[in-house]
Structures are given as structure tokens and as C-alpha cells.
Amino acid sequence: MKTETPTAPSAETYPQIRSVGIDGLLVSFGPGLSEPANRAALAFRAALEREAWDGVEETSSSLVSAYLRFDPLHLSHAALRARLDVLIAAQDWLQAELPRGRSLHRIPTVYGGALGPQLAEAAAVAGMTEAEARASLSSARVRVTALGFAPGQPYLGQLPEAWNIPRQQALTPQVPKGALVLAIRQFVIFSVTAPTGWRHVGRTAAPLFRLGHDRPFLLAPGDEVIFPEAPEDSFPALQADPDGGCTREALS
């Protein structure tokens, strides 16, 4: 079967539909992370799930895109592209409502000290005192924009504009599981021990991935999170709690 690759639109035109190999299409809503583009990616992926087109085998979302994997022996690029064009035209996805079933999570976090050794450095780059940084980060309400890199590992944003700080020029060789790191107006919580170029400002005991649990991933794209400050001496108790001290309530 002949595979037809859609003509790429200009870089300034969104949404864009692009081929990903012989069995994938990617619908992108912007050139980089923004609240409207992430909202569109989440809402469009939810719409694809509702459509449940025969031949589409998997969908997922990233920061600003929705991905479809399909069976090219059952459904051609051209046929799927035509369906996507109709769905895209159905509404302004940048203004779409977020998917239902989202949750608000509160994840206790120890900032600074031995558990957040780069808080003062990050605060200085952001033009804040350490106390101002603690207040800003612990009160920010952010959205899970995507999961990636490791099982259940979230990217969360966007933080206030002051936190549009660059990544480090060198890697930190290792941050622990549960590390809260930040750069470019985003948080990441590490679900595994790993190197990073983002600044390590705090630590959580959040169980991001629990094999065999009825909800193996603690967080889902579209969920919202607040990281209230916890005292450093409370961290052993948070680690001993199967939920890491985290709480969850329904948003919609």
C-alpha cells in the first residue's frame, strides 16, 4: 500500500499535521510550550479517544501535540489526515475545555537545605531571595503538561514568569528519586535517580509509579498540582507514608 505523506505547512501555521514513520501522525498546536497549546493538545487527545476511529491503535499527548499510532494496512495516511482535518476544524482547540476526570494534587515538598541544594542558586537567577522563592514555589498551582522520560514522570507548568530561568550549563551528575527540579517556567519531579541540567530546589516523597496499583501513575496529563512546603524533619515520615503525604481531590 502506498503511504502518502502530507505536505508540511509553513512553520507559522498551526495546527500542523506531520507524519511519524509509517504508522503515526502528530498534530501540533504551537512551536513551544504555552498554556493554550498544551490545553489544545490535551483536549484534542481526549476527543480522539472519544472518536475511537477503527484502525487507530494508540493515542498520547506531549507538551503541545497529540500523537496517533495506526495500522497502515487498515487505514491510510490520507484517510486519517482527512478525518483529522475535519476534527481540527470543528472548534478552536486553543480555547477548548480541558478533559474531564482531572484531579488536584497537593504534594508536600521540602525546599532548600540538603534536600533542595540549589534553591538559593535558582532564587538568585530568578531575582528573588530564598524566602521569596519558597513562598512563590510552594503557592504555585501548575498543570501536568505531559509525562515522559521515565514511568510516571511529570512535566508541570507554567510557573510565574520570574521562573523563566535557563537550564544549567553543566549536568548535575545525579538527583534522587522524588527530586523537584525547575527551569524554563517548569517543574519536573524525578521518578528515578538520574542526572539533570535543571536546578534541584526540593524533594518530595511522591509515589509517581506504583507497579500493580489500580492507579500505577500518580499524576495524569491535565491534572493540577500544588507543592506546599514541608519541614525538613518531616521527610522521613513522608517517605514512610505509602502516599508520600500526597492528597488528591476531583476537579471535574
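Model, not experiment: these values are computed from the prediction. All values below come from the heavy atoms of this structure, side chains included, with hydrogens, waters and symmetry mates left out.
Atom CZ of Phe29 and atom CH2 of Trp93 lie 7.0 Å apart (nearest 0.5 Å). Atom OG of residue Ser28 and atom CD of residue Gln16 lie 6.5 Å apart, to the nearest 0.5 angstrom. Atoms OG1 and CZ, from Thr196 and Phe190 in turn, are 3.5 Å apart once rounded to the nearest 0.5 Å. Interatomic distance, Arg185 CZ to Trp163 CH2, rounded to the nearest 0.5 Å: 12.5 Å. To the nearest 0.5 Å, atom CG of residue Asp223 and atom CG of residue Leu98 are 10.5 Å apart. Taken from CG in Leu80 to CH2 in Trp53, the straight-line distance is 6.0 Å, to the nearest 0.5 Å.
Connection of Leu33 to Leu147 is not established within any shared hydrophobic cluster, with ILVMFWY side chains joined at heavy-atom distances below 4.5 Å, either directly or through further cluster members. Residues Leu75 and Leu87 share a hydrophobic cluster, clusters being chains of Ile/Leu/Val/Met/Phe/Trp/Tyr side chains in contact below 4.5 Å. Leu211 and Leu218 fall within a single hydrophobic cluster, where Ile, Leu, Val, Met, Phe, Trp and Tyr side chains are chained together by heavy-atom contacts under 4.5 Å. Two different hydrophobic clusters hold Leu208 and Val181 under the rule that ILVMFWY side chains link at heavy-atom gaps under 4.5 Å. When the side chains of ILVMFWY residues are joined at heavy-atom separations under 4.5 Å, either directly or via intervening members, Val142 and Leu137 end up in a single hydrophobic cluster.
Between the Arg18 side chain and the Leu26 main chain, no donor and acceptor come within less than 3.5 Å of each other. Gln153 places a side-chain N or O within 3.5 Å of a backbone atom of Ser191 that can act as its donor or acceptor partner. For the pair Asn38 (side chain) and Leu63 (backbone), a donor-acceptor distance under 3.5 Å is present. Without hydrogens or angle criteria, Ser65 side chain to Ser62 main chain gives no donor-acceptor distance under 3.5 Å. Thr204 places a side-chain N or O within donor-acceptor distance of the main-chain N or O of Gly178, the cut-off being under 3.5 Å. When atom types are taken as modelled, the side chain of Asp243 and the backbone of Gly245 share no donor-acceptor pair closer than 3.5 angstrom. Using a distance-only test at 3.5 Å, with no hydrogens or angles considered, no donor-acceptor pair links the side chain of Arg210 to the main chain of His213. The backbone N or O of Ala135 lies less than 3.5 Å from a partner atom in the side chain of Ser139, making a donor-acceptor pair. With Asp241 contributing its side chain and Leu238 its backbone, the two residues share no donor-acceptor pair below 3.5 Å. With hydrogens and angles ignored, the 3.5 Å screen pairs a side-chain donor or acceptor of Ser138 with a backbone N or O of Arg134.
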- Query: Step by step, would you call Thr109 with Leu115 a side-chain contact (heavy atoms from CB on, under 4.5 Å)?
  - Reply: CA-CA 9 Å; Thr109 304; Leu115 300 182; over 6 Å; no
- Item | Derivation and outcome, side-chain contact (heavy atoms from CB on, under 4.5 Å), residues Ser61 and Leu42 | CA-CA 6 Å; Ser61 64; Leu42 295 171; 3.7 Å; yes
- Task: Please report the C-alpha distance between Glu224 and Arg143 in whole Å, then the side-chain angles of each, then the deciding distance to 0.1 Å, and finally whether the salt bridge (Lys or Arg N to Asp or Glu O under 4.0 Å) criterion is met.
- Result: CA-CA 4 Å; Glu224 297 181 19; Arg143 180 191 300 159; 5.4 Å; no
- Message: What verdict does the side-chain contact (heavy atoms from CB on, under 4.5 Å) test give for Phe187 and Trp198, after you've listed the backbone C-alpha separation in whole Å, the side-chain angles of each residue and the deciding distance to 0.1 Å?
- Response: CA-CA 9 Å; Phe187 278 136; Trp198 296 32; over 6 Å; no
- Decide yes or no on side-chain contact (heavy atoms from CB on, under 4.5 Å) for Arg199 and Thr172, but give the supporting numbers first. CA-CA 8 Å; Arg199 288 176 173 86; Thr172 299; over 6 Å; no
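In this structure, Ser234 and Pro108 have side chains that are not in contact, with every pair of non-hydrogen atoms separated by 4.5 Å or more. The shortest distance between side-chain heavy atoms of Leu84 and Leu48 falls below 4.5 Å. Looking at heavy atoms from C-beta onward, Arg167 lies in side-chain contact with Ile184 at the 4.5 angstrom threshold. Residues His200 and Pro117 have side chains in contact (heavy-atom distance under 4.5 Å, counting atoms from C-beta outward). Glu121 places a side-chain heavy atom less than 4.5 Å from the side chain of Gln168. Annotation: side chain of Arg203 is in contact with side chain of Pro176 (closest heavy-atom distance under 4.5 Å). Side-chain contact check for Leu25 versus Ile17: some heavy-atom pair is nearer than 4.5 Å. Contact of the Val192 side chain with the Lys177 side chain is not registered, since no non-hydrogen atoms from C-beta on lie closer than 4.5 Å.
Taking every heavy atom of both residues into account, Pro231 and Val110 meet most closely at O-CG2, 3.6 Å. In this structure, Val64 and Gly32 approach most closely via the heavy-atom pair CG1-O, 3.4 Å. Shown here for Tyr111 and Phe227, the closest heavy-atom pair between the two residues is OH-O, 2.7 Å. Considering all non-hydrogen atoms of both residues, Pro154 and Leu219 come closest at CG-CD1, 3.6 Å. Annotation for Phe209 and Pro151: closest pair CB-O, 3.7 Å, computed over non-hydrogen atoms. Here the shortest heavy-atom pairing between Ala120 and Glu130 reads CB-OE1, 3.7 Å.
In summary, Arg39 and Glu97 do not engage in a salt bridge, as defined by a charged side-chain N under 4.0 Å from a carboxylate O.
When the options Arg69, Arg45, Glu51 are evaluated for a side chain to side chain donor-acceptor pair (under 3.5 Å) with Thr59, the one that passes is Arg45. When each of Ile189, Ile107, Val188 is paired with Leu156, the side chain to side chain contact (heavy atoms under 4.5 Å, CB included) condition holds for Ile189 and for no other.
Close placement of the His77 and Phe70 rings is indicated, their centers lying within 6.0 Å of each other.
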